[in-house]
Amino acid sequence: MVALVSKENTVALARTGRHLQRYNKGRRQVVGCIPYRYKTCRQNSLRELQVLVISSQKGKGMLFPKGGWEKDESKTEAALRETLEEAGVRGVVERELGKWSFKSKTYDTFYDGYMFPLLVQEELDLWPEMDFRQRKWMSVTEAREVCQHWWMIEALDRLVSRLASKQQHDDEDEVQPCSLS
């Protein structure tokens with residue numbers, strides 16, 4: 001089923017139901033994103049990494065957007081869709097952080113979860129699940145404390161490590177002025 005939403009600065013449609021869900025050896029396949037941005041501090045011009053967490057639909061804690069990977073989409077398409085539906089953000093999906101196998105807290109079954117970083121470029125005013133979820137930007141430390149899934153915390157740690165490594169590499173690649181005297 002498709003739910004339609006039509007207002008400015010919002011997503012046009014959202015999928016519902018599980019009839020297209022992917023399974024591998026009985027495990028439901030889910031994908032998600034860790035939406036992130038850099039916020040510049042005015043006092044010292046330092047850039048702070050922030051991540052966007054959302055409330056669980058059941059109201060038990062915070063997590064990163066994730067949901068079922070459907071048969072007619074790639075993993076990245078599914079990750080983008082779920083992030084837009086649940087958190088109301090769009091951006092650039094980056095290289096996969098990894099795959100985790102975990103047991104559902106609700107159902108007595110195992111899932112395979114894939115997580116991606118999403119560098120946020122747009123935050124929507126209206127989105128499909130806005131009436132069911134809260135979203136909040138926070139520091140990595142805060143997100144580690146409130147995230148209810150161990151495997152999402154591991155994915156967050158991988159993202160932080162990757163971004164730190166990239167920053168170090170970028171710093172080393174900066175060309176320094178030199179003189180020929």
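Computed from a predicted model, the values in this text were never measured in an experiment.
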Is L119 linked to V51 within one hydrophobic cluster, defined over Ile, Leu, Val, Met, Phe, Trp and Tyr using a side-chain heavy-atom separation of less than 4.5 Å?
yes
Nearest heavy-atom pair of S101 and R27: which atoms, and what distance?
CB-NH1, 3.3 Å
Donor-acceptor check, side chain of R22 to backbone of E70, threshold 3.5 angstrom: yes or no?
yes
Kindly work out whether a path of hydrophobic side-chain contacts (I/L/V/M/F/W/Y, heavy atoms less than 4.5 Å apart) joins L49 to M115.
yes
Test of understanding: clusters of I, L, V, M, F, W, Y form through side-chain heavy atoms closer than 4.5 Å, transitively. Do V160 and L97 belong to the same one?
yes
Does any N or O in the side chain of T83 come within less than 3.5 Å of the main-chain N or O of A79, such that one atom is a donor and the other an acceptor?
yes
For a 4.5 angstrom cut-off between non-hydrogen side-chain atoms, does R144 reach D157?
yes
Of all heavy-atom pairs between L84 and P128, which one has the smallest distance, and what is that distance?
O-CD, 4.1 Å
Check whether any side-chain N or O of R90 sits under 3.5 Å from a backbone N or O of L124 as a donor-acceptor pair, and report yes or no.
no
Which residues pass the side-chain contact (heavy atoms from CB on, under 4.5 Å) test with E86, not counting sequence neighbours?
I54, P65, E82, E129, R133
Grouping I, L, V, M, F, W and Y whenever their side-chain heavy atoms are under 4.5 Å apart, do I34 and L163 come out in a common cluster?
yes
Quick check: closest heavy atoms across D72 and E77, and the distance to 0.1 Å?
O-OE1, 4.4 Å
Single-linkage hydrophobic cluster F102~V146, side-chain heavy atoms < 4.5 angstrom
yes
Within the 4.5 Å heavy-atom criterion, are S55 and M62 side-chain neighbours or not?
yes
NZ (K136) with more than 12 external heavy atoms under 6.0 Å
no
If you link I, L, V, M, F, W and Y whenever their side-chain heavy atoms are under 4.5 Å apart, who else ends up in the same group as L118?
V31, L52, W69, L80, V89, V93, Y114, F116, V120, W137
Separation of Q57 CD from L63 CG (nearest 0.5 Å)
9.5 Å
Run the salt-bridge test on R135 and E123 with the 4.0 Å N-O cut-off and return the result as yes or no.
yes
Specify the closest pair of heavy atoms between E73 and A78, including all atoms of both residues, with the distance to one decimal.
OE2-CB, 3.4 Å
Determine the interplanar angle of the Y36 and Y38 rings, folded into 0 to 90°, and report it as parallel if under 30°, tilted if 30 to 60°, perpendicular if over 60°.
perpendicular
So K103 and D108, do their side chains get closer than 4.5 Å, heavy atoms only?
yes
Do other residues, nucleotides or ligands put more than 12 heavy atoms under 6.0 Å from Q134 CD?
no
Please name all residues satisfying side-chain hydrogen bond (donor to acceptor under 3.5 Å, both in side chains) with S139, sequence neighbours left out, ordered by chain then number.
E142
Does some side-chain heavy atom of T109 sit less than 4.5 Å from a side-chain heavy atom of R28?
no
Measure the shortest side-chain to side-chain distance between F64 and C33 over non-hydrogen atoms and say whether it is less than 4.5 angstrom.
no
